[in-house]
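Proteins come first, then strands; the chains are lettered A, B, ... in the order of their sequence lines, and each starts at number 1. These values consider heavy atoms only, across backbone and side chains, with no hydrogens, waters or symmetry-generated copies. Keep in mind that what you see is a predicted model, and the values were worked out from it rather than measured.
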There are 2 protein chains.
Amino acid sequence: MFSIGQISNRTGVKVPTIRYYEQMGLIDAPERSEGNQRRYSKKELDLLSFIKHARDLGLSIDAIRDLIRLNAHPDTPCAGADRIANEHLASVRLRIQQLQRLESELSRIAKSCKAGVVKDCYVIRALSDHSLCQDDH
Amino acid sequence: MFSIGQISNRTGVKVPTIRYYEQMGLIDAPERSEGNQRRYSKKELDLLSFIKHARDLGLSIDAIRDLIRLNAHPDTPCAGADRIANEHLASVRLRIQQLQRLESELSRIAKSCKAGVVKDCYVIRALSDHSLCQDDH
DNA sequence: TATAATGTCTCTAGCGACTATAGCTTCAAG
DNA sequence: CTTGAAGCTATAGTCGCTAGAGACATTATA
């Protein structure tokens, strides 16, 4: 049996976050000690690791909830899990594209400024005047 | 003089967002009509365009507030504006890197699953077992 | 000019995924 | 037995909006 601090250390999920996950219904309310403190089993530790991993990969709480539900029924088709992963993958790819466009615009703006005072600063001029942009965003 | 809806149309910033910016101190409270509705001048429209552009580039409200303050003093050195742009650029680049690592991890997970049922699903296995990862995240 | 339609007003609450704080109780080590 | 760390609940704050309610203002049409 582990205390909340122990599973926090082992999984890397912060203590208040664990309680938050419990509140959100991602993990069940665990047993309690005589003094009303949470006591977790290995199974619950594993679940929390699963959640941590999925969160690190950027999956939303809702998506993770779905995966947990799927995982609880090992004989259902796994198309659901596949779909969740692929949808998330698509959104990650989209986000990367967006950020890359921003990166090029921003680096152009940031490196173009050789002025000494704000009056002539390219950063501020570029932000004020959309026509200085190279693509539309 | 423009109504809030008119500057919303011209800048692409939604009406409630304009009021929110006013509340946050990004823009000053404008004049009011006899019936207590906001009335904006061209100058305020330009400022809002500036803000919109900076937000589209991902700058935070705080960073934009700093830029506006800088812009109000045209004879100060523009190192501040440069710093803000470059800091943001660095954080965008970092974020892109992170997302690219996620993308590769996630695409590996998503395309490896050929199982029919959850019990054998690679998506769920990979999320449960960190050792299946190719790099650490 | 009357009325209808649209726009605007303030205020409050909600989103997602936590994080922080306050004031208390319990636990483990010395 | 004392002390200090860890845990408890409950509430509020973060960011950048967005949505809704219910009232008032303005504009367009009949």
Completion exercise
Residues in residues 87-100 of chain B with a heavy atom under 4.0 Å of DNA chain C, by number, are none
Practice task
Would you indicate whether the side-chain heavy atoms of A/K111 and B/N86 approach each other to under 4.5 Å?
Solution key: no
Completion exercise
Numerically ordered, the residues 30-46 of chain A set in heavy-atom contact under 4.0 Å with DNA chain C is A/S33, A/G35, A/Q37
Problem - Which atom of A/A85 lies closest to which atom of B/V123, heavy atoms considered - result: CB-CG1, 4.0 Å
Handout entry: Nucleotide range of DNA chain C lying under 4.0 Å from chain A heavy atoms
Key = C/dA17 to C/dC27
Handout entry: Separation of atom NZ in B/K52 from atom C1' in D/dG16, rounded to whole Å
Key = 14 Å
Exercise for the section: Taking atom types as modelled, find out whether B/R65 and B/Y21 have a side-chain donor-acceptor pair closer than 3.5 angstrom. Expected result: no
Practice task
Using a strict 4.0 Å threshold on nitrogen-to-oxygen distance, state whether A/D46 and A/K43 make a salt bridge.
Solution key: no
Exercise for the section: Indicate whether OP1 or OP2 belonging to D/dG7 is found under 4.0 Å from a side-chain N or O atom of A/S3. Expected result: yes
Exercise for the section: Starting at atom CG of B/L48, determine the distance to atom P of D/dC17, rounded to an integer number of angstrom. Expected result: 11 Å
Handout entry: Between D/dA6 (C1') and A/Q6 (CD): distance, integer Å
Key = 11 Å
Problem - Lys/Arg N to Asp/Glu carboxylate O, B/R83 vs B/E87, below 4.0 Å - result: yes
Problem - B/E22 side chain near B/L26 side chain, heavy-atom distance below 4.5 Å - result: no
Handout entry: Same cluster (ILVMFWY, side-chain, under 4.5 Å), A/M1 and A/I4
Key = no
Exercise for the section: Whole angstrom is fine here: how far is it from OH in A/Y20 over to P in D/dT14? Expected result: 17 Å
Exercise for the section: Pick base, sugar-phosphate or nothing for B/R19, based on heavy-atom distances below 4.0 Å to the nucleic acid. Expected result: base
Exercise for the section: Decide whether B/R10 and B/Y40 meet the rule of one side-chain donor and one side-chain acceptor closer than 3.5 Å. Expected result: no
Exercise for the section: Go through the side-chain N and O atoms of A/Q98 and A/R95 and say whether any donor and acceptor fall under 3.5 Å apart. Expected result: yes
Practice task
Please tell me if the side chains of A/T11 and A/I51 come closer than 4.5 Å, counting only heavy atoms from C-beta onward.
Solution key: no
Fill in the blank from the handout: d(B/I68 CD1, B/D28 CG) to nearest 0.5 Å is 9.0 Å
